[in-house]
Number of protein chains: 2
Amino acid sequence: MVKPIQALARGLTVVNAINNAAGPVSLADLHRVTGIDRATLLRILTTLGQEGWVYRGMGDRLYRLTYKLHELGGQVQIRDAMAQVAAPVLERLQQQLHWPCDISVFDGDSMAIIETSRSRSPFVLNREVIDYRPSMLKSAIGRAYLAYCDDRLRTTILRRLSEQGGEEGRLAKDSVYIERMLSEVRERGYGVRDPSIKSLPSDTEEEFRAIALPILVKGEVQACLSFVWMKSAYPDPDIDQVFYAKLRPGAEELAQLFEQHQLY
Amino acid sequence: MVKPIQALARGLTVVNAINNAAGPVSLADLHRVTGIDRATLLRILTTLGQEGWVYRGMGDRLYRLTYKLHELGGQVQIRDAMAQVAAPVLERLQQQLHWPCDISVFDGDSMAIIETSRSRSPFVLNREVIDYRPSMLKSAIGRAYLAYCDDRLRTTILRRLSEQGGEEGRLAKDSVYIERMLSEVRERGYGVRDPSIKSLPSDTEEEFRAIALPILVKGEVQACLSFVWMKSAYPDPDIDQVFYAKLRPGAEELAQLFEQHQLY
DNA sequence: CCGAGCATTTCACTCAGTGAAAATAAAAAG
DNA sequence: CTTTTTATTTTCACTGAGTGAAATGCTCGG
């Protein structure tokens, strides 16, 4: 196990303390709050100052966080934040269900998988899942997204798909196919992968099934929670119902978390 | 002199490195960029992880900054940021002119002094200047702000002032007085303190004079740069012209800095 | 002028941070 | 599938860096 660095941890504690305080703080304030010796505090603050993290007002000589932190936080992508918030939930679901789950968002013209519990799964399927873009019309996540997204957005997506050739383009124009597929998803509450495709490049030997649930924040799909398993492991043809029942609370929890953190 | 803490500085360097990188980074990436030993890096990353500063994607096992930094940066006030950015300029002006300067912003109904070089001045006037609210109509900074602010805002401010009693209320209703005062400020390019008032509580023994320049970012006053001196030290009655000439580049530099950092 | 509270400096001790190297794990090549 | 290469993690011994007690210096209020 890796032993953490106390000196660093203390420094971060001080940054937090300054941040949590109502306003600018004095050294004595920080001493009271953190319990760290004044001499040590002074050295920590000097270091933070040199690195441009805290700043000392000339007038009152009190410590404040610098504008640098604005710039730091600004770089963090909403997508990263979603992945971070979702990770513990994914892990829990994975432990319950023994198969990996993914979180994906719509990005431009297709779904992007932003986080997965696959690396912790005893069944390693594919390590490069992240950023793999599955079919919008046949994958479970694509279907789930389309079924719950805004009408205007769906129209736009389908138009773009139909402009590009191939089977994807052909299906996008087939309004009967689309409508039936969408209403099936809405009726069930989750998207199911078209059995004819193998959503991941590695799905060569075994047959996999997948379902995906929309994560609805304030009535809008912000992401999809998907789940994959090996068909041969379960004889029951209605096994997806069982998985759905267990995944649904997870999807709702994720929706709440996203709402809390304003990730939409 | 205080010896900075290396262990902390390195940790902060790592945070910067992760932030500056294009995307998520591996341990090896960080080793290349920072030159810190892999073992040490691992411990730093573990510490940062425990404190909730960096996060490791489950899928790709790469390091990213957490959403926490968003929250940290969010707390930093624009006002603090202005004070920080302005401080070095104030200090330089102070060294050139040997009298203190202040930066103030309009806040609600009056001007708030947010930073001052007074503590470094050989002439200590008053240590509690910060947050002292001088008269809007007679102080140099109040006048400078009124003269350059948006017409609608000026009307609102004057209306509010006239609603409150006292001399301030009486003057606010005196449109002849107001108009003459404002056009004088605009003609000169700076506000001058009404000699009848003592803008700071401590101005009891000596007579002080003060001038204030608007800091115009994209045509709008975002703050005022003010300058105070003891009248008795300079026999020349036109000394304010001299000071103005030296302060003006400072005000323009501040305007540029504020624009760069988007502090408006 | 003195005393209380706060900031800063000094200093000795020891333990925590460090980097070389080895072991393990994961990819890539053959 | 096996070998080679590359990346990650663990181990460990050394010492210099971080630590807190105490002393000093500074600022303000009475």
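In the text below, chain A, chain B and the rest are named by the order of the sequence lines, each starting its count at 1.
In the region residues 45-52 of chain A, proximity to DNA chain C at under 4.0 angstrom, judged on heavy atoms, holds for none of the residues.
Look at CG on B:Leu62: it is 11 Å from P on C:dA27, rounded to the nearest Å. For the pair B:Arg38 CZ and C:dA22 P, the interatomic distance rounds to 14 Å; values are reported in whole Å. Distance B:Leu8 CG to C:dG17 P: 11 Å, rounded to the nearest Å. The interatomic distance linking B:Arg61 (CZ) with D:dT8 (P) rounds to 11 Å, in whole Å. In this structure, B:Leu30 places its CG atom 13 Å from P of D:dA7, rounding to the nearest Å. Distance A:Ile44 CD1 to D:dA17 P: 17 Å, rounded to the nearest Å. Rounded to an integer number of Å, the gap from CG of A:Leu41 to P of C:dT8 is 11 Å. For the pair A:Ile5 CD1 and D:dA17 P, the computed distance is 14 Å after rounding to whole Å.
B:Asn16 pairs by the side chain to side chain contact (heavy atoms under 4.5 Å, CB included) definition with A:Trp53, A:Lys68, A:Leu72, B:Asn20, not counting sequence neighbours. With sequence neighbours excluded, the residues forming a side chain to side chain contact (heavy atoms under 4.5 Å, CB included) with A:Ala39 are A:Asp37, listed by chain and number. The salt bridge (Lys or Arg N to Asp or Glu O under 4.0 Å) search around B:Arg38 returns none, not counting sequence neighbours. With sequence neighbours left out, B:Glu167 forms a side-chain hydrogen bond (donor to acceptor under 3.5 Å, both in side chains) with B:Lys138. Residues that satisfy the side chain to side chain contact (heavy atoms under 4.5 Å, CB included) test with B:Gln50, not counting sequence neighbours, are A:Pro4, B:Thr46. Residues satisfying the side chain to side chain contact (heavy atoms under 4.5 Å, CB included) test with A:Ala17, not counting sequence neighbours, are A:Leu30, A:Val33, A:Thr34.
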Short N/O separations, protein against nucleotides 20-25 of chain D, under 3.5 angstrom:
residue	atom	partner	partner atom	Å
D:dG20	OP1	A:Arg10	NH2	2.9
D:dG20	OP2	A:Arg10	NH1	3.3
D:dG20	OP2	A:Thr40	OG1	3.0

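When each of D:dT8, C:dA7, D:dG18 is scored by its nearest atom to the side-chain atoms of A:Leu27, the top-ranked nucleotide is C:dA7. Ranking C:dT8, C:dG17, D:dT9 by closeness to the A:Ala7 side chain, first place goes to C:dG17. Closest approach to the A:Arg56 side chain among C:dC6, C:dG17, C:dA7 is made by C:dA7 (side chain taken as heavy atoms from C-beta onward).
Aromatic ring centres of A:Phe243 and A:Trp229: separated by under 6.0 Å.
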For residues 6-13 of chain B, run the donor-acceptor check on the side chains, cut-off 3.5 Å, and write out each pair with its distance to 0.1 Å, sequence neighbours left out.
residue	atom	partner	partner atom	Å
B:Thr13	OG1	B:Ala9	O	2.8

| task | With side-chain contact (heavy atoms from CB on, under 4.5 Å) as the test, would you mind laying out the steps for A:Trp99 and A:Val228 before giving the verdict? | result | CA-CA 7 Å; A:Trp99 287 95; A:Val228 189; 6.0 Å; no

